[in-house]
**Student:** 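If you scroll down you'll find the structure; I have some questions about it.
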Amino acid sequence: MNITLRQLRAFTEVARRESFTEAAKQLHLSQSAVSALIRELERQIGFGLLDRTTRRVVLSASGGHLLELSERVLQDVDSALSEAKSLLDKSRGRVIVAASPLSAVTILPAMISRFARTFPKVRIDLRDVLTDQILQSVRNGTVDIGNRNLREVRNRARTKHPL
């Protein structure tokens with residue numbers, strides 16, 4: 001069995017709209033292509049999903065159950081792809097940085113400014129934290145990155161990875 005996302009999307013649209021024509025328009029496919037996708041899906045699973053008349057398309061009992069599952073699968077796939085794209089693009093999000101008071105006002109503002117120009121949708125929250133509390137803040141998850149040593153910050157500023 002090799003069910004595809006295209007088949008599930010076609011089935012879901014036909015079931016929602018109760019029309020092959022309307023589903024085809026939504027999917028930017030021909031009506032015959034949508035029909036072929038549904039036919040192949042039904043062949044692969046071994047039972048009919050839709051009851052067709054000349055005027056209407058309605059879900060069979062089995063089709064109703066598969067529709068719920070199909071919608072959940074498609075939503076999960078769409079969410080996973082969206083999250084993966086965001087992570088790969090580094091296009092959005094938030095990074096919390098803990099730094100000593102001296103680092104927070106000297107070296108880090110310029111580094112954060114360069115980072116913000118490169119990744120404008122990533123928000124950097126800089127937290128001024130006492131040096132002896134920075135490591136604990138990273139360990140307990142209240143910050144994502146911590147820097148306890150100004151010399152270490154300067155050395156990193158010279159590398160290709162500004163933060």
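Note that this is a predicted model, so its numbers are computed, not measured. Atom set for the values below is all heavy atoms of this structure, side chains included, hydrogens, waters and symmetry mates excluded.
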**Student:** Flag the pair L29 / L37 as yes when at least one side-chain heavy-atom distance between them is below 4.5 Å, and no otherwise.
**Tutor:**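 L29 reaches L37 side chain to side chain.
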
**Student:** Among all residues two or more places apart in sequence or in another chain, which pass the side-chain hydrogen bond (donor to acceptor under 3.5 Å, both in side chains) test with R39?
**Tutor:**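 For R39, the residues satisfying side-chain hydrogen bond (donor to acceptor under 3.5 Å, both in side chains) (neighbours in sequence not counted) are S35.
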
**Student:** For residues 20-28, please give each side-chain donor-acceptor pair under 3.5 Å, one per line with the distance, not counting sequence neighbours.
**Tutor:**
| unit_1 | atom_1 | unit_2 | atom_2 | d |
| --- | --- | --- | --- | --- |
| T21 | OG1 | Q31 | OE1 | 3.1 |
| Q26 | OE1 | R17 | NH2 | 3.1 |

**Student:** Can you check whether S100's main-chain N or O pairs, donor with acceptor, with T131's side chain at less than 3.5 Å?
**Tutor:**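 No, T131 side chain to S100 backbone: no donor-acceptor pair under 3.5 Å.
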
**Student:** Sequence neighbours left out, what passes side-chain hydrogen bond (donor to acceptor under 3.5 Å, both in side chains) with T53? Give chain and number order.
**Tutor:**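 With neighbours one apart ignored, the set is empty.
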
**Student:** Side-chain heavy atoms nearer than 4.5 Å, only ILVMFWY residues, links allowed to pass through others: does that put V77 and L8 together?
**Tutor:**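 Linked within one cluster.
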
**Student:** Taking a hydrophobic cluster as the set of Ile, Leu, Val, Met, Phe, Trp and Tyr residues connected by side-chain heavy atoms closer than 4.5 Å, whether directly or through intermediates, do F47 and V14 fall within one such cluster?
**Tutor:**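 Result: yes, single cluster for both.
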
**Student:** Linking I/L/V/M/F/W/Y whenever their side-chain heavy atoms sit closer than 4.5 Å, directly or via other members, would L69 and I45 fall into one cluster?
**Tutor:**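 Unlinked, L69 and I45 end up in two clusters.
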
**Student:** Quick check: closest heavy atoms across I38 and A10, and the distance to 0.1 Å?
**Tutor:**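 Minimum heavy-atom separation between I38 and A10: CD1-C, 3.6 Å.
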
**Student:** Heavy atoms, side chains only, cut-off 4.5 Å: are D78 and R9 in contact?
**Tutor:**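 Answer yes - side chains close enough.
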
**Student:** With a cutoff of under 4.5 Å between side-chain heavy atoms, which Ile, Leu, Val, Met, Phe, Trp and Tyr residues group with V143?
**Tutor:**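 For the cluster that includes V143, the remaining residues are I96, V138.
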
**Student:** Going by the rule salt bridge (Lys or Arg N to Asp or Glu O under 4.0 Å), which residues pair with R72 if we only count those two or more places apart in sequence or in a different chain?
**Tutor:**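 Not a single residue meets the salt bridge (Lys or Arg N to Asp or Glu O under 4.0 Å) criterion with R72.
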
**Student:** Would you compute the distance between atom CG of L74 and atom OG1 of T12 and round it to the nearest 0.5 angstrom?
**Tutor:**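 Here the rounded value is 5.0 Å.
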
**Student:** What is the distance from atom CZ of R6 to atom CG of L41, rounded to the nearest 0.5 Å?
**Tutor:**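 CG of L41 is found 13.0 Å from CZ of R6.
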
**Student:** Specify the closest pair of heavy atoms between I134 and A99, including all atoms of both residues, with the distance to one decimal.
**Tutor:**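 Scanning both residues, the minimum pair turns out to be CD1-C, 3.7 Å.
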
**Student:** With sequence neighbours left out, what residues match D144 under salt bridge (Lys or Arg N to Asp or Glu O under 4.0 Å)?
**Tutor:**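 If we apply the salt bridge (Lys or Arg N to Asp or Glu O under 4.0 Å) test to D144, skipping adjacent residues, there are no hits.
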
**Student:** side-chain hydrogen bond (donor to acceptor under 3.5 Å, both in side chains) with N2: which residues, sequence neighbours excluded?
**Tutor:**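 Scan of N2 (side-chain hydrogen bond (donor to acceptor under 3.5 Å, both in side chains), adjacent residues dropped) gives none.
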
**Student:** State, to 0.1 Å, how close D125 and R94 come at their nearest heavy-atom pair, and which atoms those are.
**Tutor:**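 Closest approach of D125 to R94: OD2-CD, 3.3 Å.
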
**Student:** Quick one: salt bridge (Lys or Arg N to Asp or Glu O under 4.0 Å) pairs with a partner in residues 40-51, sequence neighbours left out?
**Tutor:**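 Every pair satisfying salt bridge (Lys or Arg N to Asp or Glu O under 4.0 Å) with a residue in residues 40-51: E40-R43, E42-R52.
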
**Student:** Give the C-alpha distance, both sets of side-chain angles, the deciding distance and a yes or no for side chain to side chain contact (heavy atoms under 4.5 Å, CB included) between L59 and F11.
**Tutor:** CA-CA 10 Å; L59 285 170; F11 166 66; 3.8 Å; yes

**Student:** Work out which heavy atom in Q7 is nearest to a heavy atom in T4; give both atom names and the distance.
**Tutor:**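 Taking Q7 first and T4 second, the nearest heavy atoms are OE1-N, 2.9 Å.
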
**Student:** Going hydrophobic residue to hydrophobic residue with side-chain gaps under 4.5 angstrom, can you get from M111 over to V105?
**Tutor:**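 No, no single cluster joins them.
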
**Student:** Is there a path of hydrophobic side-chain contacts, each under 4.5 Å between heavy atoms of I/L/V/M/F/W/Y residues, joining L130 to V97?
**Tutor:**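 Per the 4.5 Å side-chain linkage, V97 and L130 are not co-clustered.
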
**Student:** Could you tell me the separation between the CD1 atom of I112 and the CG atom of L126, rounded to the nearest 0.5 Å?
**Tutor:**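 Atom-to-atom, I112:CD1 and L126:CG are 4.5 Å apart.
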
**Student:** Residues two or more places apart in sequence or in another chain: which of them pass side chain to side chain contact (heavy atoms under 4.5 Å, CB included) with S113?
**Tutor:**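 Here the qualifying residues are R117.
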
**Student:** Do you know which two heavy atoms are closest between E18 and V57, and how far apart they sit?
**Tutor:**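 Scanning both residues completely, I find the closest heavy atoms to be CB-O, 3.3 Å.
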
**Student:** Sequence neighbours left out, cut at 3.5 Å: what donor-acceptor pairs do the side chains of residues 60-68 make with other protein atoms?
**Tutor:**
| unit_1 | atom_1 | unit_2 | atom_2 | d |
| --- | --- | --- | --- | --- |
| S60 | OG | G48 | O | 2.9 |
| S60 | OG | L49 | O | 3.1 |
| S60 | OG | G63 | N | 3.0 |

**Student:** Sequence neighbours left out, what pairs pass salt bridge (Lys or Arg N to Asp or Glu O under 4.0 Å) with at least one residue falling in residues 97-107?
**Tutor:**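 Pairs touching residues 97-107 that pass the test: none.
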
**Student:** Run the side-chain hydrogen bond (donor to acceptor under 3.5 Å, both in side chains) test against D128 and tell me which residues pass, sequence neighbours left out.
**Tutor:**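 For D128, no residue satisfies side-chain hydrogen bond (donor to acceptor under 3.5 Å, both in side chains) once neighbours in sequence are set aside.
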
